[in-house]
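Notes follow once the structure below has been shown.
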Amino acid sequence: MRLLLMSDTHLPKRAKELPERLLAEIPRADVVVHAGDWVDTGTLDLLESRSRRLVGVYGNNDGPDLRSRLPEVARAELGGLRLGVVHETGAAQGREARCAARFPDLDVLVFGHSHIPWDTTAGTGLRLLNPGSPTDRRRQPYCTYMTAGVTGGRLRDVELHRLPRR
């Protein structure tokens, strides 16, 4: 099973549209994950129409229209892998312990908010992934997204993809 992970698209405020390279990944993914801060419902509509399966949450910049359609926390069982999605996890310091305590039933937690790619594992084995942002790099050198695979209930081949500068 192939996963496409993204967050913090902030359309149309930070960019007019999603990058073509990211859009080209959607048909290759069995599951598309979006960790919030969509900002517009058009992006949600687009991903819903193009994805085989979409797992998403709302973020702090998402208004009532998105909040009425998306949860604050999403959970999905993907081929035996217990995946969770949330927008905010708080400060980087202590993140692993905090998330492991809050989500003891998960194998992987995808989050966003900072626009900073993140890939760590808590002492409990919980893997924490932030794909960054494909449209707003903030203080990062590149806009980013992630892909990963799931085989036999395990996450594999996590890859951070850098997008060319606009």
Side-chain angles (χ1 to χ4, degrees), residues 1-91 95 98-99 102-119 126-138 140 143-150 155 158 160-161 163 166:
M1 179 178 301
R2 184 172 169 84
L3 309 180
L4 171 60
L5 313 176
M6 69 182 84
S7 187
D8 297 283
T9 47
H10 289 273
L11 295 178
K13 295 183 183 228
R14 301 291 206 275
K16 300 277 188 250
E17 58 192 14
L18 292 175
E20 284 299 319
R21 191 165 132 202
L22 178 68
L23 291 171
E25 290 277 2
I26 294 172
R28 299 178 58 212
D30 297 295
V31 181
V32 174
V33 176
H34 192 299
D37 274 3
W38 311 68
V39 180
D40 74 329
T41 56
T43 304
L44 174 57
D45 294 339
L46 175 73
L47 292 183
E48 282 180 334
S49 71
R50 292 191 182 187
S51 303
R52 285 181 221 163
R53 181 175 180 187
L54 177 65
V55 179
V57 297
Y58 66 78
N60 61 299
N61 284 294
D62 295 329
D65 289 345
L66 286 159
R67 288 172 186 246
S68 70
R69 294 173 61 185
L70 295 162
E72 181 178 9
V73 177
R75 296 168 188 270
E77 189 279 321
L78 304 174
L81 181 82
R82 300 168 303 165
L83 177 94
V85 186
V86 66
H87 184 62
E88 295 186 59
T89 60
R95 177 176 285 141
R98 214 173 31 254
C99 290
R102 183 176 175 196
F103 301 103
D105 59 329
L106 296 180
D107 300 312
V108 176
L109 179 66
V110 179
F111 67 98
H113 188 61
S114 68
H115 300 214
I116 299 171
W118 187 278
D119 183 353
L126 174 67
R127 182 92 174 257
L128 292 111
L129 299 174
N130 184 331
S133 171
T135 55
D136 183 17
R137 64 184 179 88
R138 281 201 186 151
Q140 301 303 300
C143 289
T144 58
Y145 66 94
M146 287 179 169
T147 56
V150 177
L155 192 69
V158 175
L160 179 68
H161 300 270
L163 291 161
R166 287 181 269 144

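Side chains are part of it too, since the values below use all heavy atoms of this structure and drop only hydrogens, waters and symmetry mates.
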Correct closest heavy-atom pair for V31 and L78 would be CG2-CD2, 3.9 Å
Residue set satisfying salt bridge (Lys or Arg N to Asp or Glu O under 4.0 Å) with R21, at least two apart, ordered chain then number -> none
Heavy atoms of L129 and L5 approach each other most closely as CD1-CD1, 3.8 Å
Correct closest heavy-atom pair for S7 and A35 would be OG-O, 3.3 Å
Residues passing the side chain to side chain donor-acceptor pair (under 3.5 Å) test with D45, sequence neighbours excluded, are R69
Item checked: Side-chain donor/acceptor of R28 to backbone N/O of L4, under 3.5 Å -> no
Taken to the nearest 0.5 Å, the spacing of M6 CE from L22 CG works out to 4.0 Å
Practice problem: Kindly determine whether L155 and D107 satisfy side chain to side chain contact (heavy atoms under 4.5 Å, CB included), including the steps that lead there. | Solution: CA-CA 9 Å; L155 192 69; D107 300 312; over 6 Å; no
T89 meets the side chain to side chain donor-acceptor pair (under 3.5 Å) criterion, sequence neighbours left out, with R95
Rounded to the nearest 0.5 Å, the CG atom of L23 sits from the CG atom of L46 at a distance of 6.0 Å
So, do T135 and K13 sit near enough that their side-chain heavy atoms are less than 4.5 Å apart? no
For T9, the side chain to side chain donor-acceptor pair (under 3.5 Å) test, sequence neighbours excluded, returns H34
| request: Look only at the side chain of R67 and the backbone of D62, and say whether a donor-acceptor pair between them is shorter than 3.5 Å. | output: yes
Distance col, row L18:CG vs L163:CG, nearest 0.5 angstrom, shows 10.0 Å
The reported gap from CG in L66 to CG in D40 (rounded to nearest 0.5 angstrom) is 7.0 Å
Quiz item: Between D8 and R138, is there a salt bridge with N-O shorter than 4.0 Å?
Solution: no
When rounded to the nearest 0.5 Å, the distance separating OG1 of T147 from CG of L3 is 8.5 Å
CH2 of W118 to CG of L128, rounded to nearest 0.5 Å, is 8.5 Å
Could you go through residues 53-61 and list every donor-acceptor pair under 3.5 Å that involves a side-chain atom there, pairing it with any protein atom two or more places apart or in another chain?
{"from": "N60", "atom 1": "OD1", "to": "H87", "atom 2": "NE2", "distance (Å)": "3.0"}
{"from": "N60", "atom 1": "OD1", "to": "H113", "atom 2": "ND1", "distance (Å)": "3.1"}
{"from": "N61", "atom 1": "ND2", "to": "D37", "atom 2": "OD2", "distance (Å)": "2.9"}

For Y145, the ring-ring contact (aromatic ring centres under 6.0 Å, His included) test, sequence neighbours excluded, returns H161
Between D105 and R75, is there a side-chain heavy-atom distance shorter than 4.5 Å? yes
Sequence neighbours excluded, the answer for side-chain contact (heavy atoms from CB on, under 4.5 Å) partners of I116 is S114, R139, Q140
Across all chains, not counting sequence neighbours, the salt bridge (Lys or Arg N to Asp or Glu O under 4.0 Å) partners of D30 are R52
Side chain to side chain, P131 and T144, heavy atoms closer than 4.5 Å: no
Residues V39 and H10: closest non-hydrogen pair is CG2-CA, 3.5 Å
Applying salt bridge (Lys or Arg N to Asp or Glu O under 4.0 Å) to R127 and not counting sequence neighbours gives D119
Across all chains, not counting sequence neighbours, the salt bridge (Lys or Arg N to Asp or Glu O under 4.0 Å) partners of E72 are none
For R102, the side chain to side chain donor-acceptor pair (under 3.5 Å) test, sequence neighbours excluded, returns none
